[in-house]
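Computation of the quantities below employed the complete heavy-atom set of this structure, encompassing side-chain atoms and omitting hydrogens, waters and symmetry-equivalent molecules.
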Amino acid sequence: MAKAITTREENYSQWYNDIVKKAGLADHSAVRGCMVIKPLGFAIWENMKAQLDAMFKDTGHVNAYFPLFIPKSFLSKEADHVEGFAKECAVVTHHRLMNNPDGSGVVVDPSAKLEEELIVRPTSETIIWNTYKDWIQSYRDLPLLINQWANVVRWEMRTRPFLRTAEFLWQEGHTAHATREEAIEEAKLIHEVYARFAEDYMAMPVIKGAKSANERFAGAEETYTIEALMQDGKALQAGTSHFLGQNFAKAFDVKFLNENNQEEHVWATSWGVSTRLVGGLVMSHSDDDGLVIPPRLAPTQVVIVPIPKPLPEIMEKAEAIAAALKAKGVRVKIDKDAKKRPGFKFAQYELEGVPVRLGLGKRDLANGTIEVARRDTKEKVSIDIAGVDRYVEQLLHDIQSGLLQKAKDYRTEHTTEADNMDDFRGTLDEKGGFISAHWDGTAESELKIKEMTKATIRCIPNDFKEEKGSCILSGKPSKGRVLFAKAY
RNA sequence: CGGGAUGUAGCUCAGUCCGGUAGAGUACUCGUCUGGGGGACGAGUGGUCGCAGGUUCAAAUCCUGUCAUCCCGACCA
């Protein structure tokens, strides 16, 4: 049967598109740049969301919801911010349709023009800070630690499912603090939460670091980022946490009285991760046979396939095994479809990335065994049916840690030091990945390198070591190495 | 937003150059035989040819516009 997925070697982009489509993560929609997230893709996002939400709550945050629409005037209040987003905003200009007089359908009613146009949020800093102004008077109102789960719209020129879509789902945290130090601590705390989530749940190793001025969020004083490396050697910015200083507090006049009865502007952070993480998950682990989902985020962790079909005696045993697994907290599904053949199902579950498949047949019943197949390595073993629940529980842990280790090894192999432009370019062309190189700290050098090689500074790593050297471009003195890569 | 390509059955595509009432494979439905890695045979269902105009006795085919997708750039998470 046609194995419909393009191989990674053949065409990495096409491979990614094939996985998204064939595994049933998402479909294109009738609207340019927007996707329909299908049940499997959405279930993965729901699992991510549930875990992140718990982690935010654990660190003292609460959820709220702010409007989709932002008055146009709000967006222009913070100069850097508006410059960053103005080019990609959807604008609502009217509020009514009418029948076209020529009978050809509906048209915008010109008499229903809005007094003030509304922007569909590309991010919510402005409307949130406009609101916080009313919520904050005293240091006793601080810190204010709020998150929202929402959709946002950025009118992108070129889109790709999950990685960059015109509309996407995300969470955006917006916090207000009494001091600069506390706000920076908050931004770092969330940075840490993101990194932990990526590694512990997505099995996606990330480099923690700070963005250069060029790559920083519009309106931020400092942007902390987690950067992951995809299988094609390109980096993916997977989550950012911003220290906003007093920029938004000043723009929206958010002040509080401190303990000494003095008025001060509050200090702010914002932070977000999006459905882009689903794309990162795909590109971190999946292979030419389809999706590979780490167990902790897999909607179905174990599937039991009766062989050759769901006969009563097989199903009885399957139900018992499923019950034992459920008792251990495993998300298990029994395939009860009598029409499809086992071979077809095997291929299908591999395509959909189910971490563990149990094959239970008549022969197994006779022998008291069951076949266990793991998705990540494609290994199959036949084990004693009696201990299958404990075996599978352990196997899920092994798969989770195995995926992380494999991704770490890949990253280690694809992180290279370069000390001059020739090496830099050579490495970039031949194997890609992260390149650790000296940089003089100027925006000019950074932009020039980008122009010459398409590689950007992904981050100034947290584990930045003081090391004397000279910038690979300008030759000027550098205090240490930063990480470059081509990025999504 | 520029350059290139493509839209015909759920999917992959032929037919378009040279206009004449819509094709294949696969999937799907039913039946029989099957059954430990994408089954075999037989019989069926399924398409206003992306959309809107135009030319013509006649348009999947020619012309104009438009929408969408893919690849390559520029821009960005």
Side-chain angles (χ1 to χ4, degrees), chain A residues 1-6 11-14 16-18 20-22 24 27-35 83-89 102 104-105 122-123 152-170 172 194 211 214-218 220 223 225-228 234-242 270-280 289-290 305-311 314 338-351 357-367 369-371 373 378 380 382 450-451 454 456 458 487-488:
Chain A
M1 205 35 45
K3 211 181 261 180
I5 299 176
T6 307
N11 182 341
Y12 191 85
S13 295
Q14 193 55 49
Y16 176 80
N17 290 336
D18 282 355
V20 167
K21 181 101 192 184
K22 305 263 160 62
D27 266 343
H28 289 292
S29 72
V31 183
R32 178 193 181 77
C34 296
M35 63 176 172
E83 200 183 319
F85 289 104
K87 285 171 290 186
E88 49 187 30
C89 286
D102 74 7
S104 65
T123 177
V152 288
V153 168
R154 296 181 189 174
W155 215 261
E156 297 291 347
M157 294 188 171
R158 200 170 156 192
T159 58
R160 304 195 59 194
F162 293 108
L163 297 172
R164 174 168 293 106
T165 47
E167 179 193 12
F168 56 91
L169 307 183
W170 76 345
E172 46 180 325
Y194 286 163
K211 284 293 187 187
N214 268 324
E215 299 281 327
R216 213 171 271 159
F217 175 73
T223 290
T225 180
I226 54 171
E227 297 284 328
K234 286 169 81 174
L236 182 79
Q237 177 176 308
T240 48
S241 176
H242 316 287
S270 70
W271 28 274
V273 295
S274 72
T275 36
R276 170 177 255 201
L277 289 180
V278 177
D289 293 317
V305 179
I307 300 167
K309 58 183 176 183
L311 302 165
I314 297 176
K339 298 288 183 186
K340 297 206 169 58
R341 307 169 71 80
F344 179 88
K345 293 175 180 177
F346 294 170
Q348 188 62 30
Y349 288 118
E350 277 160 17
L351 179 60
R357 183 185 73 237
L358 300 178
L360 185 63
K362 286 186 276 193
R363 213 185 295 158
D364 292 303
L365 288 188
N367 299 338
T369 59
I370 188 163
E371 184 185 77
K378 309 293 278 298
K380 285 194 287 197
S382 191
K450 181 180 178 184
E451 197 180 302
K454 310 238 156 53
T456 50
R458 300 323 302 156
Y488 276 95

Provide a list of protein-nucleic acid N or O atom pairs under 3.5 angstrom, restricted to nucleotides 72-75 of chain B.
| from | atom 1 | to | atom 2 | distance (Å) |
| --- | --- | --- | --- | --- |
| B:C72 | OP2 | A:Arg158 | NH2 | 2.8 |

Using a cut-off of under 3.5 Å, enumerate the N/O to N/O pairs linking the protein to nucleotides 12-14 of chain B.
none

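Across all strands, A:Lys309 comes closer than 4.0 Å to base atoms (heavy-atom distances). Among the heavy atoms of the strands, none lies under 4.0 Å from A:Thr123. Using a 4.0 Å heavy-atom criterion, one finds that A:Gly33 contacts the sugar-phosphate atoms exclusively. Among the protein residues, A:Leu163 comes within range of the nucleic acid bases, having at least one heavy atom under 4.0 Å from a base atom. Within 4.0 Å (heavy atoms only), A:Phe168 reaches at least one base atom of the nucleic acid.
Using a 4.5 Å cut-off on side-chain heavy atoms (C-beta onward), A:Glu88 and A:Met157 make no contact. In this structure, the side chains of A:Leu351 and A:Ile5 come closer than 4.5 Å at one or more pairs of heavy atoms. Side-chain atoms of A:Ile314 and A:Lys309, non-hydrogen and from C-beta on, never get closer than 4.5 Å to each other. In this structure the side chain of A:Pro306 never reaches within 4.5 angstrom of the side chain of A:Leu311, judged on heavy atoms. Side-chain contact between A:Lys378 and A:Asp289 is present, with heavy atoms from C-beta onward closer than 4.5 Å.
Residue-to-nucleotide contacts include a donor-acceptor pair under 3.5 Å from the side chain of A:Lys380 to the base of B:G37. No hydrogens or angles were tested; on distance alone, a donor-acceptor pair under 3.5 Å links the side chain of A:Arg341 to the base of B:G39. No N or O donor and acceptor, one from the side chain of A:Glu350 and one from the base of B:G38, sit under 3.5 Å apart.
Rounding to whole angstrom units, CZ of residue A:Arg32 and P of B:C70 are separated by 9 Å. The distance from atom CZ of A:Phe344 to atom C1' of B:A40 is 17 Å, rounded to the nearest whole Å. In this structure, A:Arg216 places its CZ atom 17 Å from C1' of B:A77, rounding to the nearest Å. Between the CG atom of A:Leu360 and the P atom of B:G37 there is a distance of 15 Å, rounded to whole Å. Atom NZ in A:Lys339 sits roughly 10 Å away from atom C1' in B:G31 (whole-Å rounding). For A:Arg160 and B:A68, the CZ to P distance is 19 Å, given to the nearest whole Å. Between A:Lys345 atom NZ and B:G38 atom P the separation is 14 Å, expressed in whole Å. Atom pair A:Ile307:CD1 and B:G36:C1' shows a separation of 5 Å (rounding to whole Å applied).
For A:Phe168, the ring pair (Phe, Tyr, Trp, His ring centres under 6.0 Å) partners two or more places apart in sequence, or in a different chain, are A:Trp170. With sequence neighbours left out, A:Lys380 forms a side-chain contact (heavy atoms from CB on, under 4.5 Å) with A:Arg357, A:Glu371, A:Ala373.
A gap of 25 Å separates the C1' atoms of B:C71 and B:A60, to the nearest Å. Between the C1' atoms of B:A14 and B:A52, the separation comes to 27 Å (whole Å). The gap from the C1' atom of B:C49 to that of B:A22 amounts to 8 Å, rounded to the nearest Å. When the C1' atom is used for both B:G20 and B:A43, the distance is 32 Å, rounded to whole Å. Straight-line distance between the C1' atoms of B:C67 and B:U26: roughly 29 Å, to the nearest whole Å. Comparing the P positions of B:G54 and B:A59 gives a spacing of 12 Å, expressed to the nearest Å. Taking atom P on both B:G3 and B:G47, the two are 38 Å apart, rounded to the nearest angstrom. Here the separation of B:A27 from B:G10, taken at their C1' atoms, is 7 Å to the nearest Å.
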Original post:
For every nucleotide of nucleotides 2-8 of chain B, 5' to 3': is a protein heavy atom under 4.0 Å from its base (B), only from its sugar-phosphate (S), or from neither (-)?
Top reply: -------
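Each of A:Gln348 and A:Ala487 has a nearest nucleotide on RNA chain B; the 5'-most of these lies closest to A:Gln348. Place A:His28 and A:Glu215 on RNA chain B by their nearest nucleotides, and A:His28 ends up nearer the 5' end.
Applying the Watson-Crick and G-U wobble criteria (two distances, each under 3.5 Å), B:C49 pairs with nothing in any strand. Pairing partner, B:U29: B:A43, with both Watson-Crick or wobble hydrogen-bond distances short of 3.5 Å. Pairing for B:U21 is absent, with no Watson-Crick or G-U wobble pair whose two atom distances lie under 3.5 Å.
Contact annotation: A:Asn17 reaches the phosphate of B:C71 (side-chain N/O to OP1 or OP2, under 4.0 Å).
When all heavy atoms are compared, the tightest approach of A:Arg160 to A:Thr165 is O-CG2, 3.6 Å. When all heavy atoms are compared, the tightest approach of A:Ala166 to A:Thr159 is N-CG2, 4.0 Å.
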Report, one line per pair, each donor and acceptor closer than 3.5 Å where one atom sits in a side chain of residues 270-277 of chain A; sequence neighbours left out.
| from | atom 1 | to | atom 2 | distance (Å) |
| --- | --- | --- | --- | --- |
| A:Ser270 | OG | A:Glu125 | OE2 | 2.7 |
| A:Trp271 | NE1 | A:Glu186 | OE2 | 3.4 |
| A:Trp271 | NE1 | A:Thr269 | OG1 | 3.2 |
| A:Ser274 | OG | A:Arg276 | N | 3.0 |
| A:Thr275 | OG1 | A:Leu169 | N | 3.4 |
| A:Thr275 | OG1 | A:Leu169 | O | 3.3 |
| A:Arg276 | NE | A:Leu163 | O | 3.0 |
| A:Arg276 | NH1 | A:Gln237 | O | 3.1 |
| A:Arg276 | NH2 | A:Leu163 | O | 3.4 |

